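This report refers to the structure that appears directly beneath it.
Just so it is clear: chains get the letters A, B, ... in the order the sequence lines come, proteins before strands, and each one is counted from 1. This structure is a prediction, so every number in the text was calculated from the model and none was measured.
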Protein chains: 2
Amino acid sequence: MSHSLERAEELYEAVNQLIRVHQFRDRDYICCHDVTVAQCYALETLVKRGPLRLQALADEMYLDKSTTSRVVDSLLRKKYVLKALDPSDQRAVQLSLTPSGEALHQKIHQDLISEEALMIKNVAPEVVDGALTLIRQLTTAARDRLGS
Amino acid sequence: MSHSLERAEELYEAVNQLIRVHQFRDRDYICCHDVTVAQCYALETLVKRGPLRLQALADEMYLDKSTTSRVVDSLLRKKYVLKALDPSDQRAVQLSLTPSGEALHQKIHQDLISEEALMIKNVAPEVVDGALTLIRQLTTAARDRLGS
DNA sequence: CCATTATAGTTGTCACTAACAACATACTTA
DNA sequence: TAAGTATGTTGTTAGTGACAACTATAATGG
């Protein structure tokens, strides 16, 4: 039991460090592209999860709908996102990327992936594969825990 | 080469998800304790890296010194941090925790560790140990990359 | 079928986050 | 000692994030 707490502590530290470094990198690599980190994450989510309603987007991003509404606003102003009415529900909106939104996302995504590739270029492939599995497992565990 | 890019892409996704979930959890578990996430991170850094100058603290946190100065201000107002002059340099300050800062940090830290323990209670110990090594390796790789 | 209740988004407000620039002060070195 | 450099603080601006109050639309139930 005390062993499992030690493990928890070490994992907490390690994940924290990883998060800091990634956040810092994101600030560097995203913000020079006309969008902020949060805006970029919204773009990413819309790319991955297809057209979404506002509340659904907020859920995916773990944010309040009001916060999300404002992030989307900024993307609308910059013409990276399109807001269409849902024909089946006059209250709801369908959010999707414009072509220039797609293009921007593509560009940023590619930059970030290249950077990630450089970061792991000296790490053995098996090591990366292992980390992948485990990080996903941890994410699932955390998500389950929060959902409860 | 294309393989390594795929790996980079998957890793990027996986880490991103992990970051979201952890951020969400932090908002929940830290902010009910009289400090924000950033303030808590400053406390943690001061605990781990001992008394620090402002610029050193900013470096550890990957933040600008002005941002850090304000985070520290809020902690000074709440009496969780102590600011002492550096005798060897009248410009510099030595930042450290007050007893109540120590106590608060201890409490939050324990909460977070317990939560982390619950998250991994269904993950095999070897798996956690593996993740730990790999996450650290990735952090180091990322840090080296940014430092350059 | 209308009144109640619930849901989708928006807006007001407040505190915090974060950077950049300009500044005062103190150290350093040429 | 003058010029340059480093340490922190403050002004400013934009963005983040939550909560509550609000409008408008849908769904339900009596």
Requested in this report: Please name all residues satisfying salt bridge (Lys or Arg N to Asp or Glu O under 4.0 Å) with Lys48(A), sequence neighbours left out, ordered by chain then number.
Outcome: Glu13(B)

Report task. Could you tell me from which nucleotide to which nucleotide of DNA chain C, 5' to 3', there is an atom under 4.0 Å from chain B heavy atoms? Result -> dC16(C) to dC27(C)

**Report entry** Sequence neighbours excluded, every pair satisfying ring pair (Phe, Tyr, Trp, His ring centres under 6.0 Å) that has a member inside residues 46-88 of chain A
**Finding:** Tyr62(A)-Phe24(B)

Report task. May I ask you to decide if Lys79(A)'s main-chain N or O and Thr98(A)'s side chain share a donor-acceptor pair within less than 3.5 Å? Result -> yes

**Report entry** Strand contacts (DNA chain C) in residues 15-27 of chain A, 4.0 angstrom heavy-atom criterion
**Finding:** Arg27(A)

Requested in this report: Name all residues meeting the side-chain hydrogen bond (donor to acceptor under 3.5 Å, both in side chains) criterion together with Gln90(B); count only those two or more places apart in sequence or in a different chain, and write none if there are none.
Outcome: none

Requested in this report: Could you note down all residue pairs passing ring pair (Phe, Tyr, Trp, His ring centres under 6.0 Å) where residues 94-141 of chain A supplies at least one of them, sequence neighbours left out?
Outcome: His105(A)-His109(A), His109(A)-Tyr12(B)

Query - Residues in ring-ring contact (aromatic ring centres under 6.0 Å, His included) contact with His22(A), at least two apart in sequence or another chain - result: none

Query raised in the report: Per the end-axis method with five pairs at each terminus, what is the bend angle of the helix from dC1(C)-dG30(D) to dA30(C)-dT1(D), to 10°?
Result: 10°

**Report entry** Among His33(A), Gln39(A), Lys78(A), side-chain contact (heavy atoms from CB on, under 4.5 Å) partner for Leu104(A)
**Finding:** His33(A)

Query raised in the report: Between Thr67(A) (side chain) and Leu63(A) (backbone), is there a donor-acceptor pair under 3.5 Å?
Result: no

Query - Where protein sits on nucleotides 5-11 of chain D, one letter per nucleotide: B base, S sugar-phosphate only, - none, heavy atoms under 4.0 Å - result: -BBBBBB

Requested in this report: For Arg20(A), check salt bridge (Lys or Arg N to Asp or Glu O under 4.0 Å) against everything at least two apart and list the hits.
Outcome: none

Report task. Report the residues that fulfil side-chain hydrogen bond (donor to acceptor under 3.5 Å, both in side chains) with Gln110(A), sequence neighbours left out, ordered by chain and then residue number. Result -> none

Query raised in the report: Taking only residues at least two apart or on different chains, which pairs with a member in residues 123-135 of chain A satisfy side chain to side chain donor-acceptor pair (under 3.5 Å)?
Result: Asp129(A)-Arg7(B)

**Report entry** Side chain Thr68(A), main chain Asp64(A), donor-acceptor under 3.5 Å
**Finding:** yes

Query raised in the report: Can you tell me how far P of dG15(D) sits from CG of Asp34(A), to the nearest Å?
Result: 10 Å

